[in-house]
Every structure is written in C-alpha cells, then in structure tokens.
Amino acid sequence: MTSHTRELLMSGRRGEAAALFGFAVQQWPDDSTAHNNLGFCLILDDPARALSHLTTAARQGYEPLVINIYNRVCCHVGLRQPRAALEVAEEFWQTRPPDWNDPGSGTLWLRSGETWELALEADARQALLDLLLDTARAQGWHDDEERWSARLARS
C-alpha cells in the first residue's frame with residue numbers, strides 16, 4: 001500500500017492517497033504507522049487534521065520519531081504557527097535527542113520557496129534541522145536561529 005500511495009502522492013493525487021490510509025486507520029486504529037502515513041498525506045491539504053493523526057502516531061510509539069517530528073513541524077509551518085513548530089522540535093531534542101547513528105530515511109515534503117515537493121530523504125535529521133533553521137530565520141528569531149544552526153553544524 002505504501003508504494004502505491006507514494007505513486008499517488010507523486011502524481012498530485014493526495015486525496016486518494018489519504019483515503020487509502022484513512023481506511024487503514026479505520027481498520028487498525030492502534031496502528032501508529034497508519035496514523036503517521038495518513039497524517040503525512042494530509043500535510044499540504046489539511047495540516048490541522050494531519051497534525052492530529054501525527055500526534056496520535058507519536059503517542060502510539062511511531063518510529064523513527066524524527067520523521068514524525070519533521071511531519072509535525074511541517075504541519076505547524078503550514079498552519080502559520082512557527083513558534084509551535086520550533087517548540088515541538090525543541091521538546092524532542094531535549095527529551096529524546098535524535099540517534100546520530102540512524103538518520104531516519106524516508107519520504108518527506110521538502111519546502112522549496114513557497115511550494116512543497118515530495119522527496120526521498122536519506123537523512124531526516126538533516127532535513128528537520130534545515131527546516132527549523134529556515135523557520136527561525138524567516139521569523140527573525142536570532143536566538144533560535146543560532147541554536148538550530150549550532151545543532152546543524154554538529155550533525
């Protein structure tokens with residue numbers, strides 16, 4: 001199902017991809033991967049609903065957590081909640097720093113200017129740090145920018 005939904009997403013058919021994972025969530029409500037994948041499909045079209053599913057996936061123990069955090073940050077960016085985006089990531093960094101031996105590869109929405117593009121990323125940590133740095137920079141939050149920049153330099 002995942003490869004089929006990736007094809008749907010790549011062809012811009014996000015609603016159909018979300019419907020497939022919506023069915024999976026109905027059938028298996030305790031499946032963290034189904035919630036995470038449904039949330040991922042909804043990020044661009046319904047970030048509030050996506051955030052709800054992504055938060056459920058995190059509570060249910062979705063791994064790799066760094067991908068879930070990245071997706072939740074995307075939701076907050078889409079909802080124009082940059083402070084919440086940075087707070088989600090900061091809580092993650094403080095309570096469970098990313099495993100630097102496992103970068104967490106996966107399919108992510110990468111921001112390119114004002115648009116988002118689907119990409120297979122080998123290092124979700126790097127993508128997360130880049131997104132957080134861009135978010136802090138766009139807001140003119142210099143302290144946050146310095147913090148995320150230092151973390152990026154250490155990665």
How far apart are the C-alpha atoms of V25 and D31, what are their side-chain angles, what is the distance that settles it, and do they pass the side-chain contact (heavy atoms from CB on, under 4.5 Å) test? CA-CA 7 Å; V25 165; D31 185 329; over 6 Å; no
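- Among residue pairs with one or both ends in residues 42-87, those qualifying as ring pair (Phe, Tyr, Trp, His ring centres under 6.0 Å) are H35-H53; sequence neighbours excluded.
- Judged as a salt bridge (Lys or Arg N to Asp or Glu O under 4.0 Å), and not counting sequence neighbours, E121 has no contacts.
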Return all side-chain donor-acceptor pairs below 3.5 angstrom for residues 7-18, not counting sequence neighbours, or 'none' if the list is empty.
from, atom 1, to, atom 2, distance (Å)
S11, OG, E7, O, 3.2
S11, OG, L8, O, 3.0
R13, NE, E16, OE1, 3.4
R13, NE, E16, OE2, 3.0
R13, NH2, E16, OE1, 2.7
R14, NE, D45, OD1, 3.4
R14, NE, D45, OD2, 2.9
R14, NH2, D45, OD1, 2.8

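- Going from atom OG of S105 over to atom CZ of R125 covers 10.5 Å, rounded to the nearest 0.5 Å.
- Applying the ring pair (Phe, Tyr, Trp, His ring centres under 6.0 Å) definition to pairs two or more places apart or across chains, those involving residues 104-155 are F40-W109, W93-W148.
- Between the CG atom in N71 and the CG atom in N37 there is a gap of 9.0 Å [rounded to 0.5 Å].
- Considering every non-hydrogen atom in both G104 and A124, the closest pair reads O-CB, 2.8 Å.
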Could you check L128 against V66 for side-chain contact (heavy atoms from CB on, under 4.5 Å), going step by step and ending with a plain yes or no? CA-CA 8 Å; L128 176 61; V66 68; 3.9 Å; yes
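- Of all heavy-atom pairs spanning A58 and N68, the tightest one is CB-OD1, 3.4 Å.
- Across all non-hydrogen atoms, the minimal contact from R6 to L118 is O-CD2, 4.2 Å.
- Considering V73, L110, L108 in turn, V73 is the only one that fulfils the side chain to side chain contact (heavy atoms under 4.5 Å, CB included) rule with L131.
- Judged purely by atom type and a 3.5 angstrom limit, Q60 uses its side chain to pair as donor or acceptor with the backbone of P29.
- Atoms CG and CZ, on L54 and R49 in that order, are 11.5 Å from each other to the nearest 0.5 Å.
- We find the CG-CG distance between L51 and D46 to be 10.5 Å, quoted to the nearest 0.5 Å.
- Residues that satisfy the salt bridge (Lys or Arg N to Asp or Glu O under 4.0 Å) test with E91, not counting sequence neighbours, are absent from this structure.
- Heavy-atom minimum distance, L132 versus A89: CD1-CB, 3.4 Å.
- When the salt bridge (Lys or Arg N to Asp or Glu O under 4.0 Å) test is applied to D144, the partners found at least two apart in sequence or on another chain are R83, R147.
- Shortest non-hydrogen contact noted between A50 and I43 is CB-N, 3.7 Å.
- Taking CD from E90 and CD1 from I69, the interatomic distance works out to 11.5 Å, rounded to the nearest 0.5 Å.
- Distance check, rounded to the nearest 0.5 Å: SG of C41 to CG of N36 gives 9.5 Å.
- Looking at every heavy atom in both residues, A136 comes nearest to E145 through CB-N, 3.6 Å.
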Please walk me through it: do S112 and T115 pass side-chain contact (heavy atoms from CB on, under 4.5 Å)? CA-CA 5 Å; S112 176; T115 62; 4.1 Å; yes
